Participant: 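After the structure tokens below, expect a handful of questions from me.
Note that the coordinates shown come from a computational prediction; the quantities given were computed from them, not determined experimentally. Chain letters run A, B, ... following the sequence lines, proteins first and then strands; every chain starts at 1.
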Amino acid sequence: MPEILEVECYRRTAERTLGRPVAAIQADDEWFLKGGLVRAELDAALVGRSFVGARRRGKLLLLDVDDGAVLGLRFGMTGRLLVDDAAGIDRLEYSSDRDDPAWDRFGLGFVDGGSLVLRDPRRLGGVELDPDEEALGPDAWTVGAAALGHVLAGSTAPLKARLMDQNRLAGMGNLLTDETLWRAGLAPVRPAGSLDATELRRLHRNLRRVLDDLHVRGGSHTGDLQASRRRGGLCPRDGEPLVRESVGGRTTYWCPVHQR
DNA sequence: ATTGTGGCCTGCCCGC
DNA sequence: TGCGGGCAGGCCACAA
């Protein structure tokens, strides 16, 4: 699914649209328009204009319009971004291997004949105009150790739930969080505020490494834990059966031996 | 305020 | 062979 790594890939793909005037909007799926947005507003905001910046905060892709407006794109679990009919990601875990234009939920046509399309089989993504960027926490890829400590401090919520709370820390999805905690040797069910200074440093170091490593490898599904994230899976580090349980409302796999 | 739960959406996969 | 239930999880509304 698109987590922070995939959305960063989409952001780079979206840079190919910069400076190209928009000719038309395809927004027939009103479910996909969020925050009370209607098609006419998109027409008024985008047609004849062009994008001057492609930014990302967590899993939210932000396209800056040349008049200061901002188009926000969310990809849910199965959304992909196609620019000029070329996909930014070849394949998504948990998404279909098929590739059906019927799943195009939103699109822009450019004056030059090219296009930007958000293709999302499960319709969990969405489009928003001028999204509240500041409602999101700091970006997980660049967050510092001190800021990460602030995210966790004083919380009794499970560590995993806190790390995935986009309003506290933006970008972590289920797979990346399991991989990070597995590498850091921290139990996902620990109260978030219970980490000591050593554990916090370990978490921060591993968070950064997981994002760097898996980005190079090609996505959120390329972690060392991934192959064992199944019923009956064994810990790749010490061979123990992994615990499968719901933490923070998400299916979680973790090793009860080395994750403490 | 914080934390937890359920539902939304749809395609796929397994077992019958 | 077809069918139905379970599952995937990002996000949001709502409850406690």
Participant: With Tyr253(A) as reference, evaluate Arg230(A), Arg244(A), Glu245(A), Arg229(A) under the side chain to side chain donor-acceptor pair (under 3.5 Å) test and give the passing residue.
Facilitator: Arg244(A)
Participant: Parallel, tilted or perpendicular: which fits the ring planes of Trp182(A) and His258(A), with parallel below 30° and perpendicular above 60°?
Facilitator: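 Perpendicular.
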Participant: Check whether any side-chain N or O of Arg122(A) sits under 4.0 Å from OP1 or OP2 of dG11(B), and answer yes or no.
Facilitator: no
Participant: Clusters formed by hydrophobic residues whose side-chain heavy atoms approach within less than 4.5 Å: which one holds Trp254(A), and what are its other members?
Facilitator: Val189(A), Val243(A), Val247(A)
Participant: Can you find a side chain N or O atom of Thr251(A) that sits less than 4.0 Å from OP1 or OP2 on dA8(C)?
Facilitator: yes
Participant: Hey, can you pull the donor-acceptor pairs under 3.5 Å for the side chains in residues 141-149 of chain A, sequence neighbours left out?
Facilitator:
| from | atom 1 | to | atom 2 | distance (Å) |
| --- | --- | --- | --- | --- |
| Trp141(A) | NE1 | Asp212(A) | OD1 | 3.1 |

Participant: Identify all pairs in which a protein N or O lies below 3.5 Å from an N or O of nucleotides 13-16 of chain C, and state each distance.
Facilitator:
none

Participant: Nearest to the side chain of Arg123(A), heavy atoms from C-beta on, is which of dG11(B), dC9(B), dA8(C)?
Facilitator: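 Among dG11(B), dC9(B), dA8(C), the one nearest the side chain of Arg123(A) is dC9(B).
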Participant: When we call it a touch if two heavy atoms are under 4.0 Å apart, what does Arg244(A) touch: a base, just sugar-phosphate, or nothing?
Facilitator: sugar-phosphate
Participant: Quick test of your reading: applying salt bridge (charged side-chain N to carboxylate O under 4.0 Å, His left out), list the pairs with at least one residue in residues 248-260 of chain A, sequence neighbours left out, ordered by first then second residue.
Facilitator: none
Participant: Quick one: list whatever passes side chain to side chain donor-acceptor pair (under 3.5 Å) with Arg205(A), sequence neighbours left out.
Facilitator: none
Participant: Would you indicate, yes or no, if dA8(C) has its OP1 or OP2 atom less than 4.0 angstrom from a side-chain nitrogen or oxygen of Arg231(A)?
Facilitator: no
Participant: Could you list who else is in Val257(A)'s hydrophobic cluster, with ILVMFWY side chains joined at under 4.5 Å, directly or through other members?
Facilitator: none
Participant: Checking Thr222(A) now: which residues fulfil side chain to side chain contact (heavy atoms under 4.5 Å, CB included) with it, not counting sequence neighbours?
Facilitator: Leu214(A), Arg217(A)
Participant: At under 4.0 Å, does any side-chain N or O of Lys59(A) touch on OP1 or OP2 of dC11(C)?
Facilitator: yes
Participant: In chain order, what residues pass the side chain to side chain donor-acceptor pair (under 3.5 Å) check against Arg202(A), with sequence neighbours excluded?
Facilitator: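 Scan of Arg202(A) (side chain to side chain donor-acceptor pair (under 3.5 Å), adjacent residues dropped) gives none.
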Participant: Taking only residues two or more places apart in sequence or in another chain, which ones pass side chain to side chain donor-acceptor pair (under 3.5 Å) with Arg55(A)?
Facilitator: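 Arg55(A): side chain to side chain donor-acceptor pair (under 3.5 Å) contacts with Asp64(A), Glu133(A).
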Participant: Could you tell me which residues satisfy side chain to side chain donor-acceptor pair (under 3.5 Å) with Glu134(A), sequence neighbours excluded, listed by chain and number?
Facilitator: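 Per chain and number, Glu134(A) pairs via side chain to side chain donor-acceptor pair (under 3.5 Å) with Arg57(A).
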Participant: If the helix axis at each end comes from five base pairs, how far does the helix from dT2(B)-dA16(C) to dC16(B)-dG2(C) deviate from straight, to 10°?
Facilitator: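 Computed angle between terminal axes is 40°.
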Participant: Give each protein N/O atom lying under 3.5 Å from an N/O atom of nucleotides 2-8 of chain B, with the pair distance.
Facilitator:
| from | atom 1 | to | atom 2 | distance (Å) |
| --- | --- | --- | --- | --- |
| dT2(B) | OP2 | Arg168(A) | NH2 | 3.3 |
| dT3(B) | OP1 | Ser155(A) | OG | 3.0 |
| dT3(B) | OP1 | Thr156(A) | N | 2.8 |
| dT3(B) | OP1 | Thr156(A) | OG1 | 3.3 |
| dT3(B) | OP1 | Ala157(A) | N | 3.4 |
| dT3(B) | OP2 | Arg162(A) | NH1 | 2.7 |

